[in-house]
There are 2 protein chains.
Amino acid sequence: MNDVPATRSGRAPRGRAAAVGLSREQVISAAIAQIDAKGLSAFSLRELARGLGVSPAVIYWHVGGSKEDLFAAIAATITGQLAAAQDPLAPWTDRLRQVFLAYRASVHRHPNVSPLLGAQMKSNGVANLDWIEIVLAALSDGGFQGDALRNAFNALIGGLCGFVTVELAPAPSSEDGAWQDRVAARMAEVDPEAYPLTHAALPELANRIFVLRWQNGAQVPYDDSYTVLLDLLIDGLAARARSSATLETPEPLHG
Amino acid sequence: MNDVPATRSGRAPRGRAAAVGLSREQVISAAIAQIDAKGLSAFSLRELARGLGVSPAVIYWHVGGSKEDLFAAIAATITGQLAAAQDPLAPWTDRLRQVFLAYRASVHRHPNVSPLLGAQMKSNGVANLDWIEIVLAALSDGGFQGDALRNAFNALIGGLCGFVTVELAPAPSSEDGAWQDRVAARMAEVDPEAYPLTHAALPELANRIFVLRWQNGAQVPYDDSYTVLLDLLIDGLAARARSSATLETPEPLHG
DNA sequence: ATTTTCAATTGAACATCGTTCTATTGATGG
DNA sequence: CCATCAATAGAACGATGTTCAATTGAAAAT
């Protein structure tokens with residue numbers, strides 16, 4: 001929040017900026033729009049500048065020193081709005097559910113950006129500290145502390161965010177259907193004798209097992225699987241919290 | 001296995017190949033070695049060709065038509081060896097545990113390649129059908145079928161593979177420590193009043209919550225968190241399998 | 001009113017990349 | 001001995017990320 005490179009001062013824009021008037025926020029949201037539209041692999045800084053009717057160097061001036069800085073800003077923008085979706089009075093298990101459903105919904109709105117979120121999750125820390133705090137608070141209310149808290153936190157974040165990242169990752173590159181064709185070919189060559197269960201699952205489940213299917217731009221929901229995963233994790237944590245008042249090895253806080 | 005582009009015939013190599021003798025397998029393993037050494041973002045086909053002392057066009061001849069085909073081949077190579085690590089006589093819960101521990105161990109050996117595995121997981125189908133079959137068979141032995149089977153499968157694959165992908169994703173780009181510095185700066189600016197639990201967790205947990213830490217090239221293990229996640233999922237599935245003989249909505253097979 | 005400052009932008013330039021195309025080589029099968 | 005063809009080389013094309021030396025013109029300082 002404070003490491004914005006001294007760009008947006010209160011003073012009105014000077015120079016040619018008065019005529020064109022480009023801001024850091026506009027650059028970022030234009031980048032998100034382009035990634036949503038054409039896919040992440042088709043995105044380039046030059047295309048972004050072209051779409052904005054501007055020289056490529058402008059991107060560097062507004063956003064930072066590299067393409068990865070742009071990506072980090074994009075990730076922060078997308079995950080920066082989900083702390084609100086939580087009822088602080090609800091039981092801790094419900095709060096966890098709310099927070100992770102909000103995360104999925106947030107990523108759902110920009111599927112092509114999801115690989116960025118996974119990558120930025122650790123190299124920059126999770127972009128949104130409010131979100132971390134909410135998860136830690138819920139687990140803390142559940143009685144987790146020390147190593148048990150850390151493991152529960154990592155299991156939740158890694159498992160659920162990883163699910164979203166993996167299942168949403170490779171956007172169907174807009175127009176060309178070569179992607180779907182390869183999947184179909186791959187599925188057609190499954191040997192019924194060598195892989196009986198896989199083969200039996202295919203006709204019924206279509207490619208829902210292998211890929212996230214897209215139909216006229218809207219994805220066939222993976223909601224059920226995500227919900228199952230969420231329930232398995234939260235129910236499991238709740239059961240562990242009930243079974244032992246002091247969890248795991250209750251080591252003294254030496255800080 | 002059979003869509004290898006007619007490269008490796010039984011006949012001995014002709015032309016200059018007799019002098020240099022490059023094979024598809026050598027190209028792939030050289031690529032893996034370079035990604036392991038320099039990181040995924042620093043990898044390029046030209047560098048690969050340079051390292052092999054060969055023209056860039058050779059890569060295309062051996063591997064296929066694009067860089068993504070190389071990546072697909074790499075993913076298939078890495079995940080192609082883990083079907084064996086499983087005792088078919090063990091209970092289904094144990095078999096699941098063995099299979100997913102083997103997956104993590106396999107990715108662990110090539111952390112820089114992990115983003116490729118996540119991406120290829122759906123766009124090409126999981127590279128290794130044996131692996132899918134084992135997971136499906138274990139769940140089937142647990143009594144899962146129909147939608148319940150699909151959801152359990154997706155939850156396991158998405159959650160556990162996603163965990164590995166997310167936690168291992170951004171390789172520390174070999175020499176420059178700018179990465180770690182940014183993380184440290186990010187952590188130093190956590191406001192104790194706004195984020196009390198996050199701040200309290202920091203000194204004890206260091207950056208284990210945020211990042212996969214690297215110390216002289218070896219990673220601080222996330223084993224505990226992964227094991228917690230694995231146990232939560234398998235125990236939860238086992239409990240559901242026990243609680244209802246016929247799971248969820250047992251719809252008739254109409255195929 | 002003049003000068004200085006400096007946010008904001010331009011355009012050219014560089015090295016590198018993925019990819020394609022047209023030779024060329026030389027062992028092998030006929 | 002010849003024709004084939006697997007396997008390579010090398011040049012070329014367009015696009016990309018990034019840097020850098022100008023340039024503009026409104027606001028601040030004088």
Side-chain angles (χ1 to χ4, degrees), chain A residues 4-28 30-31 34-35 38-74 116 173 176 178, chain B residues 4-28 30-31 34-35 38-74 116 173 176 178:
Chain A
V4 174
T7 300
R8 314 264 9 288
S9 58
R11 290 168 290 184
R14 297 191 261 176
R16 288 208 169 163
V20 181
L22 204 55
S23 74
R24 180 182 151 94
E25 287 77 10
Q26 287 172 335
V27 171
I28 293 174
Q34 282 204 4
I35 294 176
K38 314 262 185 93
L40 184 61
S41 63
F43 173 79
S44 77
L45 294 186
R46 294 183 109 103
E47 251 301 299
L48 174 59
R50 229 170 280 138
L52 289 168
V54 122
S55 159
V58 171
I59 311 296
Y60 288 85
W61 196 94
H62 278 288
V63 159
S66 77
K67 194 185 186 185
E68 281 207 32
D69 289 313
L70 212 207
F71 285 166
I74 289 175
L116 266 51
S173 53
D176 82 303
Chain B
V4 173
T7 299
R8 316 261 9 289
S9 56
R11 290 168 288 185
R14 297 191 260 175
R16 288 206 168 166
V20 181
L22 203 53
S23 74
R24 178 182 153 95
E25 287 76 11
Q26 287 172 335
V27 171
I28 293 175
Q34 283 204 4
I35 294 175
K38 313 263 184 92
L40 184 61
S41 62
F43 173 79
S44 76
L45 294 185
R46 294 183 109 103
E47 252 302 299
L48 174 59
R50 228 170 281 140
L52 288 168
V54 122
S55 159
V58 172
I59 311 296
Y60 289 84
W61 197 94
H62 278 288
V63 159
S66 78
K67 195 186 186 185
E68 282 206 34
D69 289 314
L70 213 205
F71 285 166
I74 290 174
L116 266 50
S173 52
D176 81 304

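Any value given below was found using the heavy atoms of this structure, including those in side chains, with hydrogens, waters and symmetry copies removed. Reminder, nothing fancy here: chain letters follow the sequence lines and each chain counts from 1.
- When each of D:dT8, C:dC17, D:dT19 is scored by its nearest atom to the side-chain atoms of B:R46, the top-ranked nucleotide is C:dC17.
- Here the side chain of B:R50 is nearest to one of D:dT18, D:dT16, C:dC17, namely C:dC17.
- Atom NZ of A:K67 is separated from atom P of C:dT16 by 18 Å (rounded to the nearest Å).
- Here the nucleotide nearest the side chain of B:A57, chosen from C:dT19, D:dG10, C:dT10, is D:dG10.
- Considering only side-chain N and O atoms, B:H62 lies under 4.0 angstrom from the phosphate OP1 or OP2 of D:dT8.
- Atom pair B:F43:CZ and C:dT16:P shows a separation of 17 Å (rounding to whole Å applied).
- Within the 4.0 Å cut-off from OP1 or OP2 of C:dT9, not a single side-chain nitrogen or oxygen of A:S55 is found.
- To the nearest angstrom, C1' of C:dC21 lies 17 Å from CD1 of B:I59.
- B:R50 meets the salt bridge (charged side-chain N to carboxylate O under 4.0 Å, His left out) test with B:E47; sequence neighbours excluded.
- Taking atom CD on B:E47 and atom P on C:dA15, their separation rounds to 16 Å, with Å as the unit.
- Inter-residue side-chain proximity for A:F71 and A:L40 is flagged as met; some heavy-atom pair is nearer than 4.5 Å.
- Residue B:V58 places its side chain closer to D:dA9 than to any other of D:dA9, D:dT18, C:dT9.
- B:I59 places a side-chain heavy atom less than 4.5 Å from the side chain of B:L52.
- As a whole-Å value, the separation of B:E25 CD from D:dA7 P is 12 Å.
- If you measure from atom CD of B:Q34 to atom P of C:dC17, you get 11 Å, rounded to the nearest angstrom.
- For the pair A:L70 CG and D:dT18 C1', the computed distance is 13 Å after rounding to whole Å.
- Ranking C:dA8, D:dG17, C:dG18 by closeness to the B:S44 side chain, first place goes to C:dG18.
- Contact annotation: the side chain of A:I74 approaches that of A:I35 to within less than 4.5 Å [non-hydrogen atoms, C-beta and beyond].
- Relative to the side chain of A:W61, the nucleotides C:dT9, C:dG18, C:dC17 differ in distance, and C:dT9 lies closest.
- A straight line from CG of A:L52 to C1' of C:dA8 spans 14 Å, rounded to a whole angstrom.
- Contact of the B:L45 side chain with the B:L70 side chain is registered, since non-hydrogen atoms from C-beta on lie closer than 4.5 Å.
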